K.L.:
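My structure is below; once you've seen it, I'll send some questions.
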Amino acid sequence: PVSDQAFVTLATNDVYCQGALVLGQSLRNQRLTRKLVVLITPHVSSLLRVVLSRVFDEVIEVNLIDSADYIHLAFLNRPELGVTLTKLHCWTLTRYSKCVFLDADTLVLSNIDELFERGEFSAAPDPGWPDCFNSGVFVFQPSLETHGLLLQHATDHGSFDGADQGLLNSFFSSWSTADIHKHLPFIYNLSSNTAYTYSPAFKQFGSSAKVVHFLGSRKPWNYKYNPQTGSVLEEGSELVTQHQASFLKVWWGIYHGSILPLYE
Ligand code: UDP
Ligand code: MN
């Protein structure tokens, strides 16, 4: 095991904690060799903190309001960047030399230790605008200096999409041209709904997916699950593609089989 490297995620409320728990368990299911860290905020309930501590090595509360003055300032000047600035907190984890950040709405399907061979800042293209990276999965190097520069950038320039992805793309603006090694293959951040827009590519490459990202407004925990049949139920008339349904099944299988029992 490599104890100075970690997988890191973020959950600012009990709902996103469900995603973080499944993500953490999905990493544990793949011969975990790095530490597992979840950042939470004060809103997360004490029950969820206990459950998180059964899956993660470290549950770290970050509280923007109580943080150093410059964070406080950044937060007051740009309150809309709340969750975004919270994500940036991952750069303060300086007891780790290198980390992989994963959104709480991602799911790991096979071992991804090879990501630690990449340098900062590595990420996969965004399916909606491939000259930008998607900030749901990225390799970074904790550093208080970088953290400070990121916060400074946030207060000076804001974020063009109001969230972390816009901010990180304008900060790491050479990503799209400077170094191809920093472009993670799409299989490390496969958006669960992109399969629908380019289905021949999905047929060719989809089975090699290593990380699935349920990006967008409908998250796995918004669906219903029938544990008897193992099927995920759609709500309303929304179309769920076959690939999407199979990824949702994996998510719910882990939630039902490994996470719910932790509440007992
Ligand atoms: N997040 C959170 N609480 C929120 C919204 C977001 O903890 O209320 C965290 C969580 O880790 C989430 C990430 O920020 O995965 C990015 O948000 P989201 O995944 O909803 O955005 P999308 O990937 O759909 O653009
Ligand atoms: Mn996401």
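Position 1 is the first residue of the sequence; numbering continues from there. As the structure lists them, so they are numbered: ligands from 1, and atoms in each ligand from 1. Fair warning: this is a prediction, and the values are worked out from it, not measured in the lab.
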K.L.:
Just the protein N/O/S atoms under 2.8 Å from the Mn ion (ligand 2), please, no waters.
P.N.:
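Less than 2.8 Å away from the Mn ion (ligand 2) sit D103 OD2, D105 OD1, D105 OD2, H213 NE2.
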
K.L.:
Ion pair present between D4 and K98, side-chain N to carboxylate O less than 4.0 angstrom?
P.N.:
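No salt bridge links D4 with K98.
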
K.L.:
Classify the angle between the aromatic ring planes of Y255 and W251 as parallel (below 30°), tilted (30 to 60°) or perpendicular (above 60°).
P.N.:
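Judged by the thresholds at 30° and 60°, the geometry between Y255 and W251 is parallel.
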
K.L.:
Taking a 3.5 Å cut-off between nitrogen or oxygen atoms, can you list every pair linking ligand 1 to the protein, with distances?
P.N.:
| unit_1 | atom_1 | unit_2 | atom_2 | d |
| --- | --- | --- | --- | --- |
| ligand 1 | 3 (N) | T12 | OG1 | 2.6 |
| ligand 1 | 7 (O) | T12 | N | 2.8 |
| ligand 1 | 7 (O) | T12 | OG1 | 3.4 |
| ligand 1 | 8 (O) | N13 | ND2 | 3.4 |
| ligand 1 | 11 (O) | L10 | O | 2.7 |
| ligand 1 | 11 (O) | A104 | N | 3.2 |
| ligand 1 | 15 (O) | A104 | N | 3.0 |
| ligand 1 | 15 (O) | D105 | OD1 | 3.3 |
| ligand 1 | 19 (O) | D103 | OD2 | 3.2 |
| ligand 1 | 19 (O) | D105 | OD1 | 3.2 |
| ligand 1 | 19 (O) | D105 | OD2 | 2.9 |
| ligand 1 | 20 (O) | Y16 | OH | 2.6 |
| ligand 1 | 23 (O) | D103 | OD2 | 3.3 |
| ligand 1 | 23 (O) | H213 | NE2 | 3.1 |
| ligand 1 | 24 (O) | G216 | N | 2.9 |
| ligand 1 | 24 (O) | K219 | NZ | 2.7 |

K.L.:
Just by distance, do the side chain of W221 and the backbone of V15 share a donor-acceptor pair under 3.5 Å?
P.N.:
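No.
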
K.L.:
Just by distance, do the side chain of D156 and the backbone of H153 share a donor-acceptor pair under 3.5 Å?
P.N.:
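Judged by distance alone, no pair lies under 3.5 Å.
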
K.L.:
Keeping the roles fixed (side chain from Q18, backbone from D14), state whether a donor-acceptor pair exists under 3.5 Å.
P.N.:
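Yes, Q18 side chain to D14 backbone: donor-acceptor pair under 3.5 Å.
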
K.L.:
Look at atom NZ of K35 and say whether more than 12 heavy atoms of other residues, nucleotides or ligands are closer to it than 6.0 Å.
P.N.:
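At most 12 heavy atoms, drawn from other residues, nucleotides or ligands, come within 6.0 Å of this atom.
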
K.L.:
Kindly assign one of parallel, tilted or perpendicular to the pair W91 and F172, based on the angle between their ring planes and the thresholds 30° and 60°.
P.N.:
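Parallel: the ring planes of W91 and F172 meet at under 30°.
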
K.L.:
For E145, look at atom CD and say whether over 12 heavy atoms of other residues, nucleotides or ligands are found less than 6.0 Å away.
P.N.:
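No, because the 6.0 Å sphere around CD of E145 holds 12 heavy atoms or fewer from other groups.
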
K.L.:
If we check side chain to side chain donor-acceptor pair (under 3.5 Å) with S135, which of these qualifies: N169, D164, D103?
P.N.:
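For S135, the side chain to side chain donor-acceptor pair (under 3.5 Å) test succeeds with only one of N169, D164, D103, which is D164.
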
